[in-house]
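Would you mind keeping the following structure in view while I ask a few things?
Basis for what follows: all heavy atoms, side chains included, without hydrogens, waters or symmetry-related copies. One-based numbering, in listed order, for ligands and for the atoms of each.
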Amino acid sequence: MTKSTLVFDPFSEEYFNDPFEIYRRMREEAPLYYDAEQDFYALTRHEDVAAAFKDYESFSSARGCDLAMVRTGDVPQKSIIFMDPPDHRHMRSLLNKAFTPRAIQSQRESVIELIDKYLGAIDSDEFDIVQDFSAPFPVEVITRMAGVPEESRQQVRHWIDTSLHREPGQVEIGEAGMKANIDSAMYYYNLIQERRADPQDDMISRLIAAEIPRPDGQLGKLDDIEITGFAVLLGGAGAETVTKLVGNAVVIFARNPDQWQKLFDDRSKIAAAVEELLRYEGPVQYNVRYTLKETHLPSGTIPAGKPVFLIGAAANRDPEAFTDADKFDIDRDRSQAQNLGLGYGIHSCLGAALARMESAVALEKLLDFMPRYDVIWDGLARVHMQNVAGWSNVPVKILR
Ligand code: HEM
C-alpha cells in the first residue's frame with residue numbers, strides 16, 4: 001500500500017477533525033516539516049518544540065503568533081504575547097503582579113460561586129456542557145477581574161468567538177472577525193476612559209496607574225492602546241482556553257470512564273488530572289514564531305525570516321518524551337518531560353495559576369454534579385479555530 005502524501009494544513013477539515021494522526025506522521029516522517037507552497041515550517045518533536053520555545057532570540061513573537069499575522073507582521077494590537085525582550089520583560093514583570101498564585105487564590109471563592117451558578121441553572125439530565133457551562137463561566141471570571149461590568153461580560157465572549165473562527169481553508173481573518181476585533185477594542189477603549197475618570201478596584205484601573213521602563217529608559221505609564229491590547233488579549237487567552245479544556249475533559253473522561261471513576265474515588269488526583277488534560281489534548285495546539293536568524297535544532301536547520309509552527313500539542317504526544325504518549329493516564333509520571341500545554345519559556349502562560357484553579361474547581365464540581373454520565377456522541381461538534389482546538393457542543397446525559 002502506498003502512503004498518502006503528508007499534508008499539514010491547519011485550516012483543513014481533516015486537521016480540525018483529528019490533528020493527532022497528522023502529528024504522528026509529522027513527528028516520524030517530517031520532523032522539520034516544510035510547506036513549500038505557503039513557505040512555512042512546523043515542528044512536532046518534543047526536543048525541537050521545547051528548544052524553539054526557549055530560544056526567543058531566534059524565534060520571535062513580535063510579528064504575531066498565527067500564520068496570517070506572522071506573514072504580514074500586522075499584529076492587531078500592542079500586546080505582551082506579540083513582544084520580544086526587552087519590551088516583553090518589562091510588561092511581563094508588571095503583569096506578573098496581577099497573576100501571582102496568591103492573587104489567584106483570592107479569586108477561588110468567586111470562581112466557585114460562578115460555577116455553582118451555572119451548574120445550578122441546569123434543570124435537565126440532558127444538557128450541553130459547553131454551551132450551558134464551560135463557555136459562559138471562564139469569560140465571567142476574567143472580565144470580572146479586568147473590570148468589565150456584568151452586563152457586557154458575555155458580549156466579550158461572542159467577540160472572541162467571532163474573531164477566532166475560521167472556515168475550512170480560511171487563513172486570514174474574515175470581515176466579521178475584523179469587525180469583532182474593532183468592536184471589542186472600542187469597547188475597552190471607552191471603558192479605560194471611564195476608569196481614568198473614576199478608578200475602581202480592578203485590573204484596568206491598576207494598569208492605568210502602573211509605570212514600566214519605556215524605550216527611552218525612563219519610567220512611564222501605559223497608553224490607552226497598550227491597555228486595550230492587554231484587555232483584548234486577556235479575554236481571548238483567559239476564556240476560550242478554559243472553555244476548551246473543560247469541554248475536552250468531559251469528552252476524554254467519557255472515553256476513559258475508569259479514569260473518571262478513579263478521580264471520583266480520590267479527589268486529590270484532580271490537580272494531576274488537569275495536567276494530564278493539558279498534555280493529552282490541551283486547548284492550544286500551536287503558536288507560530290518568526291525566525292530572526294538561521295537556526296539549528298535537533299531535527300535540522302531553519303533559514304532566517306520564516307514562519308514556524310511550534311506545535312506543542314504534537315510534542316506532548318511524542319513517544320520519545322512520554323511513555324505510552326497516546327494513553328490518557330491521570331497517574332502518569334509527570335517528571336518525564338516538560339508538559340507544553342501552557343507553553344514554555346518566556347511567553348509561557350501568564351494565567352497558568354488561574355487556568356489550573358478554574359479547571360480544578362470545574363472538575364471537582366462536575367464530579368458531584370454528574371458522577372456518572374455519557375456523551376450524546378452524535379451531537380458532538382468541533383470549533384474551527386485558529387490556534388485552539390476543542391468542542392462547540394458536547395451534549396451529555398447524566399446517568400442515574
Ligand atoms: C487551560 C487554559 C489555558 C491554556 C491551555 C493556555 C495556554 C497558553 C499558552 C500555550 C501560551 C503561550 C503562548 C505563546 O508562547 O505564544 C499562553 C500565554 C498566555 N496566556 Fe494562557 N492559557 C490558558 C489560560 C489562560 C488564562 C486563564 C489567562 C488569563 C490571564 C491566560 C493568559 C495568557 C497570557 C496573557 C499569555 C501571554 C504571556 C506572554 O506572552 O508572556 N491564559 N497561554
* Under the salt bridge (charged side-chain N to carboxylate O under 4.0 Å, His left out) test, which residues partner R102, sequence neighbours left out? ->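 R102: no salt bridge (charged side-chain N to carboxylate O under 4.0 Å, His left out) contacts found.
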
* Sequence neighbours left out, what passes salt bridge (charged side-chain N to carboxylate O under 4.0 Å, His left out) with E29? Give chain and number order. =>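 Partners of E29 under the salt bridge (charged side-chain N to carboxylate O under 4.0 Å, His left out) test: K3, R25.
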
* Which residues pass the salt bridge (charged side-chain N to carboxylate O under 4.0 Å, His left out) test with K293, sequence neighbours left out? ->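 Per chain and number, K293 pairs via salt bridge (charged side-chain N to carboxylate O under 4.0 Å, His left out) with no residue.
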
* Asked: M145 pairs by side-chain contact (heavy atoms from CB on, under 4.5 Å) with which of I204, L354, L234?
  ->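 Only match with M145 under side-chain contact (heavy atoms from CB on, under 4.5 Å): L354.
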
* To do: For ligand 1, list the protein residues that place a heavy atom within a distance below 4.0 Å of one of its atoms, sorted by chain and number.
  =>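 Within 4.0 Å of ligand 1, the protein residues are F53, C65, I80, I81, H88, R92, F99, I142, L233, L234, A237, G238, T241, V242, L278, P283, V284, N287, R289, G341, L342, G343, I346, H347, C349, L350, G351, L354, A355.
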
* Roughly how far apart are E294 CD and K306 NZ, rounded to 0.5 Å? ->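 One gets 11.5 Å once the value is rounded to the nearest 0.5 Å.
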
* Nearest-0.5 Å distance that lies between atom SG in C349 and atom CZ in F99 ->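 Taking SG in C349 and CZ in F99, the distance rounds to 9.0 Å.
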
